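Input: a single structure, listed below in structure tokens.
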Amino acid sequence: MPEKSPHQRIVITGVGLTAPNANGLPEFRQALLTGKTGIASLEMRYFGTAPAGLCHFDTGKYQKRRDVRNGTRAGSISIYCVGECLEDGGLEWEKVDTSRVGVFLGITEHGNVETENEIHEISQYEYDTSFWSHHHNPRTVANSPAGEVTLRFGIQGPHYTVGAACAAGNLGLVQGAQQLLLEEVDYALAGGVSESPRTFGIFAAFQSQNALASHPDPAKASRPFDQDRNGIVISEGGAVFLLERLDHALQRKAKIYGELLGWCCNSDATDAVLPNQERQAQCIQKALDRAGLTPQQVSLVSTHATGTPAGDVKECQALRQVFGENCPETCFNNTKSFIGHCMGAAAALELAGNLPAFQDNWVHPTIHVDHLDPQCALPNLVLNEPRKQKETKVILNNSFGMMGINCVTIVAKYTPDSP
């Protein structure tokens, strides 16, 4: 594989996040290593109760109350994550040419929360649409969360949301990298966000598919790979990465979390809901090929597994197809067991939670696995307790979504002479 110049290498220099169990990467990492979950029982109008993951961050840190009220929940999550990311990245914001900054946020769905709330409001007035909010249109346009970020921070470069179902967090990262390689921007704020638990419709839909998790203890409802798993725990959250070209990062002496080595996005083209393990395996292999890596060089695979009976098995089949039994140093883990399924934010949060392994070499576990499903028994699947590696060098991050969209990203520990 030809050696890349520093101008062609994309690195992560900042992270901002909110998850159901933590705010900020240090707190999130600690929660993942100590088994702290963020799932509780949530009461919803029309639907009832279900396990869910809600974030608890200070909306007033970067927004006025008026802007929170007039904007969207996804927008508030995005603004908080971007604010934290910029602070973590050490940018002197007043000196940044904001026309060279882009915002690329993956999202599963958007506008359902606000639309449901507005319909509920006018139902109090016999559905008189004169009471319909004049904020509805800007709230529900597809680019709204990313657009709210540009308005708050005065960003004048390109912005858009990437609708890619549960693969969106990874694809947001890919879009940011591609814009940097095209030299459209010098900084890319990229990742994924989700507001999903704020809408009863998604709970009702998963319930009708027999894919909504349940458990007497809601904190244990999200249990990928367990024999008794019974579905998805719906959660909200967000993670945004500051991406830049390596030469640019070195010039400003930025700290570097990792280097984005490769990625792939493809489509199953077989079913709207049921995954296709052959296409997933192809996506993983093509990402490895792009990165110039063999499966044996991967230290850690962050699985997508959502806790559905079929989905977890299909992914494990795809992973066996690529990794086989000849990768003794490769560990596998899962983050949804802690925070549920954060939909469009899932892949971004899962990557963020694993990034510190490049420094501490700990692999956080998959928790709540009391009886491992034999069909999910991957070699070196880290269960219930963290595991120390000799050195964590490469993380492969899986994400697969409805309509058969797959996206895999590969991030490596940064060293000056890495490929």
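In this text, all values refer to a predicted model and were calculated from it rather than measured experimentally. Counting begins at 1 with the first residue of the sequence.
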With no hydrogens and no angle check, is any side-chain donor or acceptor of [X] less than 3.5 Å from a backbone partner on [Y]?
| X | Y | answer |
| --- | --- | --- |
| N361 | T392 | yes |
| S235 | I339 | yes |
| Q8 | S5 | yes |
| S41 | P218 | no |
| K388 | D360 | yes |
| S299 | K393 | yes |
| N398 | V408 | no |
| N397 | A347 | yes |
| E116 | F200 | yes |

Measuring from [X]:[atom1] to [Y]:[atom2], what's the distance to the nearest 0.5 Å?
| X | Y | atom1 | atom2 | result |
| --- | --- | --- | --- | --- |
| H136 | I119 | NE2 | CD1 | 8.5 Å |
| L378 | E325 | CG | CD | 9.0 Å |
| Q375 | D312 | CD | CG | 10.5 Å |
| L189 | L86 | CG | CG | 5.5 Å |
| L260 | L246 | CG | CG | 12.5 Å |
| T199 | E109 | OG1 | CD | 7.0 Å |

Is the shortest side-chain N to carboxylate O distance from [X] to [Y] below 4.0 Å?
| X | Y | result |
| --- | --- | --- |
| E183 | R245 | no |
| E350 | K336 | yes |
| K220 | D370 | no |
| D268 | R279 | no |

When you compare the side chain of [Y] with that of [X], does any pair of heavy atoms fall below 4.5 Å?
| X | Y | answer |
| --- | --- | --- |
| E385 | P365 | no |
| L396 | I410 | yes |
| R387 | N380 | yes |
| W362 | P386 | yes |
| N23 | Y80 | yes |
| I395 | F358 | yes |

Check the pair E114 / T140 against side-chain hydrogen bond (donor to acceptor under 3.5 Å, both in side chains), numbers first and verdict last.
-> CA-CA 8 Å; E114 286 70 36; T140 57; over 6 Å; no

Pair D271-N276, side chain to side chain contact (heavy atoms under 4.5 Å, CB included): steps then yes or no | CA-CA 8 Å; D271 192 272; N276 184 315; over 6 Å; no

If you measure only the distance, is there a donor-acceptor pair under 3.5 Å linking the side chains of D247 and Q251?
->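 No, no side-chain donor-acceptor pair sits under 3.5 Å.
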
Pair E184, Q178: side-chain N/O donor-acceptor within cut-off below 3.5 Å =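 Note: E184 and Q178 side chains miss the donor-acceptor criterion.
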
Is it the case that more than 12 heavy atoms not belonging to H371 sit under 6.0 Å from its NE2 atom?
->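 Incorrect, the count does not exceed 12.
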
NZ/K64: more than 12 non-hydrogen atoms of other groups inside 6.0 Å |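 Check fails, neighbour count at 12 or below.
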
Quick one: do L243 and F104 satisfy side chain to side chain contact (heavy atoms under 4.5 Å, CB included)? Show the steps, please.
-> CA-CA 11 Å; L243 304 181; F104 313 101; over 6 Å; no

Residue from F338, F332, F28 passing ring pair (Phe, Tyr, Trp, His ring centres under 6.0 Å) with H364 |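 With H364 as partner, ring pair (Phe, Tyr, Trp, His ring centres under 6.0 Å) holds for just one option, F338.
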
Going by the side-chain hydrogen bond (donor to acceptor under 3.5 Å, both in side chains) test, which pairs reach into residues 145-154, not counting sequence neighbours?
->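 Non-adjacent pairs meeting side-chain hydrogen bond (donor to acceptor under 3.5 Å, both in side chains): T72-E148, S144-E148.
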
Indicate the atoms forming the closest heavy-atom contact of C342 with S194, along with that distance.
->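 Minimum heavy-atom separation between C342 and S194: O-CB, 3.0 Å.
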
Are I202 and M343 close enough, and set up right, to give a side chain to side chain contact (heavy atoms under 4.5 Å, CB included), and what steps lead you there?
-> CA-CA 11 Å; I202 193 170; M343 305 295 168; 4.1 Å; yes

Please assess N354 against N333 for the test side-chain hydrogen bond (donor to acceptor under 3.5 Å, both in side chains), listing each intermediate value before the final yes or no.
-> CA-CA 9 Å; N354 281 305; N333 72 354; 3.0 Å; yes

Let me see the working for N143 and H159 under side-chain hydrogen bond (donor to acceptor under 3.5 Å, both in side chains), right down to the final yes or no.
-> CA-CA 8 Å; N143 61 314; H159 82 268; 3.0 Å; yes

Can you label the angle between the F153 ring and the W93 ring as parallel, tilted or perpendicular, going by 30° and 60°?
->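 Plane angle over 60°, so perpendicular.
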
Ring geometry between F203 and F47 (parallel below 30°, tilted from 30 to 60°, perpendicular above 60°) =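 Because their plane-to-plane angle lies in the 30° to 60° range, the rings of F47 and F203 count as tilted.
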
Report the C-alpha distance between E84 and F57 in whole Å, list the side-chain angles of each, state the deciding distance to 0.1 Å, and finish with yes or no for side chain to side chain contact (heavy atoms under 4.5 Å, CB included).
-> CA-CA 11 Å; E84 297 292 280; F57 62 95; over 6 Å; no

